[in-house]
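The structure under discussion appears below in the form of structure tokens.
From a predicted model like this one, the values you see are computed outputs, not experimental measurements. The sequence lines fix the lettering, A, B, ..., with proteins before strands; numbering per chain opens at 1. The basis for the numbers below is simple: all heavy atoms, side chains too, and nothing from hydrogens, waters or symmetry mates.
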Amino acid sequence: MVRVRSPGRRLARSFFARPALDVAPDLLGCMVRHRSVDGVVTVRLTEVEAYAGAGEDPASHAHRGPTPRSAVMFGPPAHLYVYFSYGMHWCANVVCGPKGTASAVLLRGAEVVEGLELAQSRRPQARGVADLARGPAKLTTVLGLDGGSDGLDIAGRGSPVTIHVGTVAAPTDIRTGPRVGISSAAEAMWRFWLDGEPTVSSLR
DNA sequence: GCGACGATCTCA
DNA sequence: GAGATCGTCGCC
């Protein structure tokens, strides 16, 4: 694959206005950037999971229809869905599909490519650079995101969070497998990751 | 109003 | 392998 270490063209809303199952593998290698008052952190995605729409995916937060928590998922694509998990962690998704489908892609693992120092200060417990964003809650922490970012339009003008073209993965570099940590629809091979990357959360 | 459980992480 | 720790949602 071609390795580019800086973010390329910014992804437009149309990129996300497709089924999550199509968007998810296309996001591998892409760069997620967050600029805050603290500075800029950019990561390159190495692992994602797709969550299909309401009624189609029992493992999705949107499965039983809109609730206050999952409301953002039912809105237009390219918005951030950030939720609180296990009483202590934040996890970030990007809403996909046309408005109302309530599908999304969970960001599970990434490599820090910009703002290493700031990333390390946000996760002092990290074992090493590969551990900084290996796992959805770690990735969210390193980017400096939390519930305050829920609903953010990443395709909008002036958004602090943007996603860009990064490294282009060859189809043979992409692996698929079952999603992690869910009990229903566990057989769906809707987890995608880049082969051989040390920042993939649970290796297979 | 109540209770079960979770798209997890860390440390032992 | 267990504990931390609490919001969300379904059901009573």
request  = Going by the side chain to side chain contact (heavy atoms under 4.5 Å, CB included) test, name the single residue among A/L80, A/L11, A/V161, A/L106 that passes it with A/V94.
outcome  =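 Going through A/L80, A/L11, A/V161, A/L106 one by one, the side chain to side chain contact (heavy atoms under 4.5 Å, CB included) with A/V94 is satisfied by A/L80 alone.
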query = Could you state the interatomic distance from CG (A/L143) to CG (A/L118), rounded to the nearest 0.5 Å?
reply =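 Answer for the CG-CG pair, A/L143 versus A/L118, is 10.0 Å.
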task = To the nearest 0.5 angstrom, please state how far the CD atom of A/E56 sits from the NE2 atom of A/H63.
result = 9.0 Å
note = Ranking B/dA7, B/dT10, B/dT8 by distance to the side chain of A/V180, first place goes to B/dT8
Gap between atoms [atom1] and [atom2], on [X] and [N] respectively (whole Å):
X: A/L107; N: B/dT8; atom1: CG; atom2: C1'; answer: 15 Å
X: A/R108; N: B/dA7; atom1: CZ; atom2: C1'; answer: 7 Å
X: A/I182; N: B/dT8; atom1: CD1; atom2: C1'; answer: 14 Å
X: A/D150; N: B/dA7; atom1: CG; atom2: C1'; answer: 15 Å
X: A/R123; N: B/dT8; atom1: CZ; atom2: C1'; answer: 11 Å

request  = Using a cut-off of 6.0 Å, state whether more than 12 heavy atoms not belonging to A/Q125 lie near its atom CD.
outcome  =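 Check passes, neighbour count above 12.
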task = For residues A/Y51 and A/A59, report the shortest heavy-atom separation together with the two atoms involved.
result =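 What the structure gives for the nearest pair is CE2-O, 3.7 Å.
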ask   = So what stems show up for DNA chain C if we need 3 or more Watson-Crick or G-U pairs in a row, all under 3.5 Å?
value =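 Stem segments, range with range: B:1-6 with C:6-11, B:8-11 with C:1-4.
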request  = Answer with base, sugar-phosphate or nothing: what part of the nucleic acid does A/A59 contact at a heavy-atom distance below 4.0 Å?
outcome  = base
ask   = Can you give one letter per nucleotide of nucleotides 4-12 of chain C, going 5' to 3': B for a protein heavy atom under 4.0 Å from the base, S for sugar-phosphate only, - for none?
value = BBBSSSS--
task = Would you please say whether a donor-acceptor pair under 3.5 Å links the side chains of A/R10 and A/T162?
result = no
query = If you measure only the distance, is there a donor-acceptor pair under 3.5 Å linking the side chains of A/T167 and A/R44?
reply = yes
key: Aromatic ring proximity, centroids under 6.0 angstrom, A/F84 and A/H89   =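 Ring-ring flag for A/H89/A/F84: false, centres at least 6.0 Å apart.
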query = Taking the side chain from A/R123 and the backbone from A/D131, do they hold a donor-acceptor pair closer than 3.5 Å?
reply = yes
inquiry  = Between A/R69 and A/Y83 (side chain of the first, backbone of the second, donor and acceptor by atom type, cut-off under 3.5 Å), is there such a pair?
reply    =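 Flag not set: sc A/R69 to bb A/Y83 has no pair under 3.5 Å.
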Closest-nucleotide ordering on DNA chain B, the 5'-leading residue of A/R127 and A/S183 = A/S183
Produce the list of close N/O pairs, under 3.5 Å, pairing protein atoms with atoms of nucleotides 3-5 of chain B; give distances to one decimal.
none

inquiry  = Apply side-chain hydrogen bond (donor to acceptor under 3.5 Å, both in side chains) to residues A/S201 and A/E47 and explain how you reach the verdict.
reply    = CA-CA 8 Å; A/S201 65; A/E47 183 187 4; 2.8 Å; yes
